[in-house]
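Just below is one structure, and these are the notes that go with it.
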2 protein chains.
Amino acid sequence: MNTLSYGLLSFLSRSSCSGYDLMLQIQPFWPAKHSQIYPLLAQLEKDEYVQYEHISQSDKPDKKVYSLTDKGIEALREWLSEPASDPVMRDDLYLKVFCMSLVDSNTARNLFINRLQHYQQKKLKFDNKLPQLQCMTGLPPDEIPSFDSPFFGAYLLLQKAISVNDANIKWCEWALEQIASPAAEKRDSVE
Amino acid sequence: MNTLSYGLLSFLSRSSCSGYDLMLQIQPFWPAKHSQIYPLLAQLEKDEYVQYEHISQSDKPDKKVYSLTDKGIEALREWLSEPASDPVMRDDLYLKVFCMSLVDSNTARNLFINRLQHYQQKKLKFDNKLPQLQCMTGLPPDEIPSFDSPFFGAYLLLQKAISVNDANIKWCEWALEQIASPAAEKRDSVE
DNA sequence: TTATTATATGTAAATAGAGACATATTATCA
DNA sequence: TGATAATATGTCTCTATTTACATATAATAA
């Protein structure tokens, strides 16, 4: 049982769904291709952590809807009682920053401009999701779902994503201020 | 040429060093074991992106000190002219948060307490590194190294690490406030 | 009617990364 | 003197992940 397997069980603990749905839902939290997920689901089914039902659909191809077994729930409980592993972040922008001085400041700036756009697009997504999630909770606006709410986890993670993303946006903007463009340099020296 | 290969070249652009040094230095930015690094260095040497010199040491075992070739520098320049890929983050705490409701609030709280300690330890490291880096720049305190400075990249990345880590600390503390411990619940209901 | 897109599920092959196995030097501590 | 830890370099195997290959249904757009 690897981390992704537990992740699939975790998402199934919220609601039963197909491998395809799991693939789409888990992306923001643990990137994985369908080619990784389908074999793991088959193994989880074989080991009786999950079971599936064949669902016929008229508007779409048929699907297998997976749900947790008692064994699956118990596995999640044990997993939750262990501390989380250290998060792993791999960002080639970090690596590029270390040799940035090999190129002109415009080329260097482009790295940050592109990344800033990436973070801004993420911000747009989050700004959509927050009221959407608030709506689903059925709570009055600005009220936080409680630990028992099925939306508590999603709310916690959205808040984290927002605050980290905002910090990253500020960092990109600050970095761009530090890397004056040649045009700005020229303008500055004229003044 | 994969990302880690470029990462090794990037670190070599700052100063020539051994595979062992590269392994230690690259950890915070792109986790990699020596078993991954040594074969890549051999390949980079074969492809003439780097060259090495055998250095005898009296106080330690001998080492191979790698340095960039012109081809290596050119490869870095081309790599820098392409936008950075999307960062990849894998954190099983995210996955655990989605099924947290399966366990009692104390078990859930422990996840955040452990993670908070992790972030606090990182904060201590950063708080040490910042004045250390400031010192190396030779600049007066609170002055920011410029784009041309060999410490500019490290300074940018340290600032990012600090701001994101601080956001994560605040998030853990806020999450712990949201997950009242059973003891606190009991105390609250008595009041 | 045909092309494309989204849904849906799978396998095979290649690469990336982690963990274990292996060896050697030097310093330090008991 | 012997054990341990840090430095130093390598290989081998296994697992995780990505990319490519493969197929099929149903909706929609050209």
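Labels below follow one simple rule: chain letters A, B, ... track the order of the sequence lines, proteins then strands, and each chain is numbered from 1.
- The side chain of Lys63(A) lies closest to dT9(C), out of dT9(C), dT26(C), dG10(D).
- Atom CG of Asn2(B) is separated from atom C1' of dA14(C) by 13 Å (rounded to the nearest Å).
- The side chain of Tyr20(A) contributes no N or O atom lying less than 4.0 Å from OP1 or OP2 of dT9(C).
- Nucleotides of DNA chain D nearest to Met1(A) and Lys60(A) differ in position, and the one nearer the 5' end is that of Met1(A).
- For Asp21(B) and dA8(D), the CG to P distance is 6 Å, given to the nearest whole Å.
- Between Asp91(B) and Arg115(B) there is a salt bridge, since a side-chain N of the basic residue sits under 4.0 Å from a carboxylate O of the acidic one.
- One interatomic measurement links the two molecules: NZ of Lys64(A) to P of dA24(D), which rounds to 16 Å at whole-angstrom precision.
- Close to dA16(C), at under 4.0 Å from its OP1 or OP2, lies no side-chain N or O of Arg90(A).
- For Asp166(B), the salt bridge (charged side-chain N to carboxylate O under 4.0 Å, His left out) partners two or more places apart in sequence, or in a different chain, are Lys123(B).
- Counting to the nearest Å, the C1' atom of dT23(D) and the OH atom of Tyr38(A) are 12 Å from each other.
- Residue His54(B) contributes atom NE2, which lies 12 Å from atom P of dT25(C) at whole-angstrom precision.
- A tilted orientation is assigned to the rings of Tyr155(A) and Trp174(B), their planes being inclined by 30° to 60°.
- A donor-acceptor pair shorter than 3.5 Å can be found between the side chains of Asp92(A) and Ser85(B).
- Across the protein-nucleic acid pair, Gln43(A) atom CD and dA16(D) atom C1' stand 15 Å apart, rounded to whole Å.
- Proximity of residues 23-37 of chain B to DNA chain D (heavy atom under 4.0 angstrom from any strand atom) is restricted to His34(B), Ser35(B).
- Phosphate contact (OP1/OP2 of dA8(C), side-chain N/O of Gln57(A), threshold under 4.0 Å): present.
- Remark: the Asn128(B) side chain and the Gln132(B) side chain contain no N/O donor-acceptor pair separated by less than 3.5 Å.
- Atom pair Glu45(B):CD and dG10(D):C1' shows a separation of 15 Å (rounding to whole Å applied).
- Ion pair Lys170(A)/Glu173(A) not flagged as a salt bridge, since none of the NZ, NE, NH1 or NH2 atoms sits closer than 4.0 Å to an Asp/Glu carboxylate oxygen.
- A 4.5 Å side-chain heavy-atom check between Ile179(B) and Phe152(A) finds at least one atom pair inside the cut-off.
- Rounded to a whole Å, the OH atom of Tyr6(B) is 16 Å from the C1' atom of dA16(C).
- Nearest to the side chain of Pro61(A), among dT7(D), dT25(D), dA27(D), sits dT25(D).
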